[in-house]
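Have a look at the structure below, then the notes.
Chain A is the first sequence line, chain B the second, and so forth, proteins listed ahead of strands; every chain is numbered from 1. Treat the numbers as computed from the prediction; the structure is a model and nothing was measured.
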Amino acid sequence: MQRAVVDWFAESARDLPWRRPGTSAWGVLVSEVMSQQTPMSRVAPRWEEWLHRWPTPADLAAASPAEVLLAWDSLGYPRRALRLREAAAAIAADHDNVVPVGEEVLRSLPGIGPYTAAAVTSFAHGTRTTVLDVNIRRVLHRIFAGRSHPAPAPSTRERAWASAFVPQRSHVEWNAGTMELGALVCTSRRPACEECPVAEHCRWLAAGKPIDPQRKPTTQAWNGTDRQLRGAVMAVLRSCGPAGVRTDLLTASARELDAEALAALPDPVQQAIARVRELGSSERVARLIADLIDDGLAERAAGNRLRLPG
DNA sequence: AACTCGGGGGT
DNA sequence: ACCCCAGAGTT
């Protein structure tokens with residue numbers, strides 16, 4: 001059973017840049033953080049740039065947050081970029097500039113949680129462990145539990161359950177292969193069971209592919225939220241080039257927006273930028289943007305509404 | 001356990 | 001209009 005997945009992976013694995021022989025553990029770590037909640041088609045080009053520009057943790061740690069955010073481009077969740085830089089600084093300072101071994105140590109680094117620690121351990125260090133991402137979880141639930149979808153978050157019990165399927169020998173290929181199978185064949189919406197190498201072993205397929213009546217955490221609102229504003233502000237700053245992420249230049253950035261570009265922005269953002277202009281105080285603006293970029297919005301606006309200082 | 005945190009592409 | 005994506009951190 002595991003063999004079928006491993007063999008399928010050997011034939012069908014995508015040619016992703018971080019799968020090239022010779023990729024460092026640092027390269028693997030960067031790819032995993034970039035891939036958190038972001039499709040790999042968007043990750044690949046950024047990864048190439050990052051590894052060329054910052055080939056070791058110390059190189060990234062020496063860069064400014066602004067440079068890092070700019071290079072992150074529009075991968076989303078920019079706090080990941082800041083945390084990755086912090087993790088790089090810790091690796092450079094405390095681990096001789098080498099990605100440490102051991103999931104517990106890895107998890108102590110900023111932005112590295114259960115998934116990323118396990119992925120680095122398996123894919124970079126080749127140590128046997130249980131990797132659980134949304135793809136692997138879905139594949140395991142379908143094959144072995146006859147369920148269409150896993151719970152929103154993995155429990156301790158699920159981890160123990162999943163660990164029993166990890167083979168002793170080709171564990172890296174099993175982890176990578178089940179993940180790839182979930183990404184390419186056993187997809188959430190329209191699984192291609194006719195192409196599946198383990199269809200004959202799949203309890204879910206045998207049961208007629210029943211869809212779990214599972215509740216999805218009601219999708220977050222977007223229009224009018226702080227997230228929307230922060231995203232728009234970051235986009236404006238990125239468009240200003242290398243200096244654009246400097247917090248003291250936002251006023252100029254907002255003022256330089258022409259009417260056409262401004263009209264194209266969502267209403268809440270137009271209003272926000274109008275207010276930023278009215279504030280007039282570069283100090284206030286700098287504070288706002290510093291909060292936005294640091295993700296230091298400790299006080300979250302009630303109802304997730306936009307809140308500006310002043 | 002429930003929320004929060006970006007952004008783009010697919011359906 | 002949703003849905004999905006190699007999740008992590010906070011409350």
Should A:Glu103 and A:Arg128 count as an ion pair when the cut-off is N to O under 4.0 Å?
-> no

Intra- and inter-strand pairing of DNA chain B, written as dot-bracket with Watson-Crick and G-U pairs under 3.5 Å and | for the latter, reads |||||.|||||

Residue list, salt bridge (Lys or Arg N to Asp or Glu O under 4.0 Å) with A:Glu180, at least two apart or on another chain | A:Arg14, A:Arg19

Considering residues at least two apart in sequence or located in another chain, which fulfil the salt bridge (Lys or Arg N to Asp or Glu O under 4.0 Å) criterion with A:Glu49?
-> A:Arg46

OP1 or OP2 of [N] under 4.0 Å from side-chain N/O of [X]:
X: A:Thr38; N: C:dC5; result: no
X: A:Gln37; N: C:dG7; result: yes
X: A:Ser35; N: C:dC5; result: no

Nucleotide nearest A:Ser188 when distance is taken to its side chain, options B:dG6, C:dG7, C:dC5 | C:dC5

When you measure from every atom of DNA chain C, which of residues 18-34 of chain A have a heavy atom less than 4.0 Å away?
-> A:Trp18, A:Arg19, A:Glu32

Enumerate the residues from residues 114-121 of chain A whose closest heavy atom to DNA chain C is under 4.0 Å, giving them by residue number; use none for an empty result.
-> A:Pro114, A:Tyr115, A:Thr116

Output all residues satisfying side chain to side chain donor-acceptor pair (under 3.5 Å) with A:Arg142, sequence neighbours left out; order by chain, then residue number.
-> none

Residues in side chain to side chain donor-acceptor pair (under 3.5 Å) with A:Ser24, at least two apart?
-> none

Verify, without hydrogens or angle tests, whether A:Thr187 (side chain) and A:Arg190 (backbone) share a donor-acceptor contact under 3.5 angstrom.
-> yes

Between C:dA8 atom C1' and A:Tyr77 atom OH, what is the distance in whole Å?
-> 10 Å

Residues 164-177 of chain A side chain polar contacts: donor-acceptor under 3.5 Å, at least two apart:
unit_1, atom_1, unit_2, atom_2, d
A:Asn175, ND2, A:Ser122, OG, 3.1
A:Asn175, ND2, A:Thr129, O, 3.2
A:Asn175, ND2, A:His171, O, 3.3

The correct set of residues in residues 124-145 of chain A placing a heavy atom under 4.0 Å from DNA chain B is none

Which ILVMFWY residues can you reach from A:Val105 by hopping between side chains whose heavy atoms are under 4.5 Å apart?
-> none

Could you note down all residue pairs passing ring-ring contact (aromatic ring centres under 6.0 Å, His included) where residues 21-54 of chain A supplies at least one of them, sequence neighbours left out?
-> A:Trp18-A:Trp47, A:Trp50-A:Trp54, A:Trp50-A:Trp72

Between the protein and nucleotides 9-11 of chain B, which nitrogen or oxygen pairs come in under 3.5 angstrom?
none

Taking every non-hydrogen atom, the tightest pair across A:Ala58 and A:Asn97 | N-OD1, 2.8 Å

